2 protein chains.
Amino acid sequence: MHRRGVWDGMAHGLDWSNLQYFHEVARTGTLSGAARRLGADHATVGRRIAALEHSLGRKLFERHQRGYSLTRQGRRLLAIADAMEREAARVEAHAGSDAVGGTVRLSTLEGFGNFFMAPRIGGLLAANPGLVLEWLTIQQLVALSRREADITVTLSPASGARFRSEKLTDYRLALYGAPAYLDRHPPIRDEADLRAHLFTGYIEDLVFTRGLDYLGDLAGGAISARLQNSSLGAQLAAIRAGLCLGVLPVFVAQAAGEGLVAVLGGEVALVRSYWMSVSEDDADNPRVQRVCETLRDSVMAAGDLFMAEP
Amino acid sequence: MHRRGVWDGMAHGLDWSNLQYFHEVARTGTLSGAARRLGADHATVGRRIAALEHSLGRKLFERHQRGYSLTRQGRRLLAIADAMEREAARVEAHAGSDAVGGTVRLSTLEGFGNFFMAPRIGGLLAANPGLVLEWLTIQQLVALSRREADITVTLSPASGARFRSEKLTDYRLALYGAPAYLDRHPPIRDEADLRAHLFTGYIEDLVFTRGLDYLGDLAGGAISARLQNSSLGAQLAAIRAGLCLGVLPVFVAQAAGEGLVAVLGGEVALVRSYWMSVSEDDADNPRVQRVCETLRDSVMAAGDLFMAEP
DNA sequence: CCTCGTCTGTGCATCCGCGCACAGACTATG
DNA sequence: CATAGTCTGTGCGCGGATGCACAGACGAGG
C-alpha cells in the first residue's frame, strides 16, 4: 500500500487546506501574493491549487501572465470558501469569550418562531427578570449546528446521542392564494389544474432541511416555483399580494389574518412536525429548562391550532 | 530562515486542515476512528490535534484511555467546525450543477425584501415568462458573500472594484410600540424614560452588518435588548403583541398596518440606506439588468415612502 | 485467567512536500 | 532601449511530517 500523496486527494472528502489556499489566491489574484499572506512559497501555493483542481476535476483559475483569475466555476467555489473563511475567523474572535451569563440561546424555524412563539414569549421574560433571550430565526438554508444554540426547534429530531429531542407537535400545511389572485384566474378544481399557475416556494438548491420541499408532493411533482425565496415571510407577502400561490402552515395563514384563501382545501394535506432538541450538557440547567417548559406549554395551550383545518 | 513547522502554526491565521482533523476527532470520539475516515494514521491525527491546541493555546480534548472527549472550549470550537464542514460539503454537492438557465439570484435584507419588494415583484415575473427568481432573504447575522448572488441589496456599498454599487434610497427608522403596551405603562416623554422599558433588537454577538445596532444610538447607549432576535419579522411580531418596544423602519411599520404607534415621534430619528450591488461580470447580462431596473423603478415609484414621517 | 480487539502514546526510518534558486515573460518608468 | 520590479513555471536537495511498528492499558466474552 502506497502512501497518500497530494494528487490523490484525501480518502474522504477534500483537503480543507487546499480550500484555504484557494481562497487566498482568489482574494489576492496572484500566487505570490497569496504565498506571502500564507507564509508559504508561491511554488507550494501553485501546486496545491493544481491539486485542488485535479481532485475536483475542474479548472478553477485562468492562468495569466500577470496572475490568476477565476473561472466561472472558480467563482462559484469562492462563494463557499468565503463562507468557510468567515467561520474560521470566528475561531480566533470567539476564542476568548466564554459567553453565558443569564442568557439562553434559542433557535427556531421561521414559521414556528415568528408566527407562533414570538407573540407568546412575554410571560417568560416578565417572570424571569434576569433572563436575556438570544433567539435565532433560522431559515431552511442554514441547517444550523445544534451546538450553536442551547435549544433548537427543527423539523426532525437531533441525530446522535448527545442531544435530547422531543416532539412538540405535528402541524398541517395547505395551499393558499389571495382572493384577488383567484378572481383573476379560472377556478381550480383538482391538482391537475395547478400546473397552469405561478408558485412561490423555497430555493431548491438550498433546501438542506429535509421536509421543506412541499411542492414536490403536489400534482405528481410537476410543479416548481418561479419565485423562490429563502424566507417564509416573503412567500407569505407575495401570496397575500396576489402574485402567486404557495404552501403555508395553517397556523401561519391564521396568524396573518385576512387575505388568504385555502385552495383545494381537503385534497392538499401536508403534515410536518416540530421537534425541540437540547444539548445533553445543558439539559439540567434551570434557565434552559424554564425556556423549554415555556415552549412546551405554549404549544399545549394552543390546542389544535397546529392541526386545524384550513 | 528556518522552515515553517507544524508547531509554529501558520504565519497568518490557522491551518484549516487542523480544523478538519479536529472536526473528525470530535465526531468520532477517537483518534483511530478519525484517522480511518481521513485516510491517515492515528499518530498523525494526534499530532495535528496537539498542534491545533498549541496554536490556540487551549486544551480542546480530554485524553481518555478509551478515546478523546471534548472540553468545554472544544465544544464551542466544534460549533464553528461544524459550520465549516457544512460549507465544505457544498463543494462536492454543487460541483456538478452549473446552474443558470433563466434564473437570477437576488439577495436582500429582510426589511427591504419581505416588507417592500415581495409584494411588488409580480410585474417582473409576468413580463418575463422564462425568468426564475431565486431570492435569498438574508438576516443581519449572515454577512453573505456577495458572490453568492447575482444582485445584492445591503446597507453599504460593496467594497472592492469587482462590484458596481448604487444607492437605492435612504430610509427612516423610528421607535414603535403597541397600544396595549403603551397603555399599560406610564407615558414616555423623553429618551431618559426609555430606560425603564423592555426592548427587542438584533442579537448583539451576531451583528455583522454594521448599521443595525440601532439601540446603541438611543438614550446614550444605556439601552439593551432582553429579547434579541435575528429576524426583523420576529421583532415586529413581538412589538405588535405588546411585549416590548423596538426600532423598525417606518415603511415596515406601515406595511404591517394597524397596531403600531411611534414613540417619541420626532426625537428618535435614525436614517440608514439601501445599496444595490451587482458583480462586474454580470453587469451586462440582460436578465440581471431587468431585475435591477425593477428594483430601481419600484423604489422610485414608492415616492417618499422610505423617508416618510412615522 | 486468558485472549482478542480496541484504544492511546512513542521511537524510528522513510519519503514526499517544501523552500530555494533560477529562467522566462511582461509592465512600468525614465 | 535599459533597468527594475512584478509575475508564473520548473528542477533540485533537504528536512520535517508521516506511516509503521510496538508497548501498555482497558473492556468484553468465553
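Since this is a predicted model, take the numbers as computed values, not measurements. Each chain gets a letter, A, B and so on, in the order its sequence line appears, and its residues count up from 1.
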Nucleotide N/O to protein N/O under 3.5 Å, stretch nucleotides 28-30 of chain D:
none

Whole angstroms only, please: what is the CZ-P distance between B:Phe61 and C:dC7?
15 Å

The criterion is salt bridge (charged side-chain N to carboxylate O under 4.0 Å, His left out); which residues satisfy it with A:Asp297, sequence neighbours excluded?
none

Do NZ/NE/NH1/NH2 and the carboxylate oxygens of A:Glu87 and B:Arg86 come within less than 4.0 Å?
no

Applying salt bridge (charged side-chain N to carboxylate O under 4.0 Å, His left out), can you list everything that pairs with A:Glu293, at least two apart in sequence or on another chain?
none

Axial bend angle, the helix from C:dC1-D:dG30 to C:dG30-D:dC1: five-pair end segments, nearest 10°:
30°

So what does B:Ser32 hit on the nucleic acid, given a heavy-atom distance under 4.0 Å: a base, only sugar-phosphate, or nothing?
base

Which heavy atom in A:Gly33 sits nearest to a heavy atom in A:Thr28, and how many Å separate them?
C-OG1, 4.0 Å

Which whole-number value in Å describes the distance from A:Ile49 CD1 to C:dC18 P?
12 Å

Rounded to whole Å, please give me the gap between CD in B:Glu53 and P in C:dG9.
10 Å

What residues, two or more places apart in sequence or in another chain, satisfy side chain to side chain donor-acceptor pair (under 3.5 Å) together with B:His23?
B:Asp82

Is there a donor and acceptor pair closer than 3.5 Å between the side chain of B:Arg47 and the base of C:dG9?
no

Residues two or more places apart in sequence or in another chain: which of them pass side chain to side chain donor-acceptor pair (under 3.5 Å) with A:Arg66?
none

Residues passing the salt bridge (charged side-chain N to carboxylate O under 4.0 Å, His left out) test with B:Arg290, sequence neighbours excluded, are none

What is the distance from NE2 of B:His42 to P of D:dA17, rounded to the nearest Å?
18 Å

With a 4.0 Å cut-off, would you call A:Arg48 and A:Asp15 a salt bridge?
yes

Report the distance from atom CZ of B:Arg63 to atom C1' of D:dG24, rounded to the nearest whole Å.
18 Å

May I ask you to verify if any side-chain N or O of B:Arg36 is less than 4.0 angstrom from the OP1 or OP2 atom of C:dC7?
yes

Listing time: all N or O pairs from protein to nucleotides 23-30 of chain C that are below 3.5 Å?
none

Tell me whether the side-chain N/O atoms of B:Thr44 come closer than 4.0 Å to OP1 or OP2 in D:dA17.
no

Rounded to whole Å, please give me the gap between CG in B:Leu38 and C1' in D:dA17.
15 Å

Just jot down the side chain to side chain donor-acceptor pair (under 3.5 Å) partners of B:Ser273, sequence neighbours excluded, or say none.
B:Asp170

Using side chain to side chain donor-acceptor pair (under 3.5 Å) as the criterion, list what pairs up with B:Gln289, not counting sequence neighbours.
none

A:Phe112: what forms a ring pair (Phe, Tyr, Trp, His ring centres under 6.0 Å) with it, not counting sequence neighbours?
A:Phe116, A:Tyr274

For A:Glu110, enumerate each residue passing the salt bridge (charged side-chain N to carboxylate O under 4.0 Å, His left out) test, keeping only those at least two apart in sequence or located in another chain.
none

Rounded distance (Å) that lies between atom P of C:dA21 and atom CG of A:Asp41:
10 Å

Just N and O in the side chain of A:Tyr68: are any of them under 4.0 Å from OP1 or OP2 of D:dG9?
yes

B:His54 has an atom NE2; how far is it from atom P of D:dA17, in whole Å?
12 Å

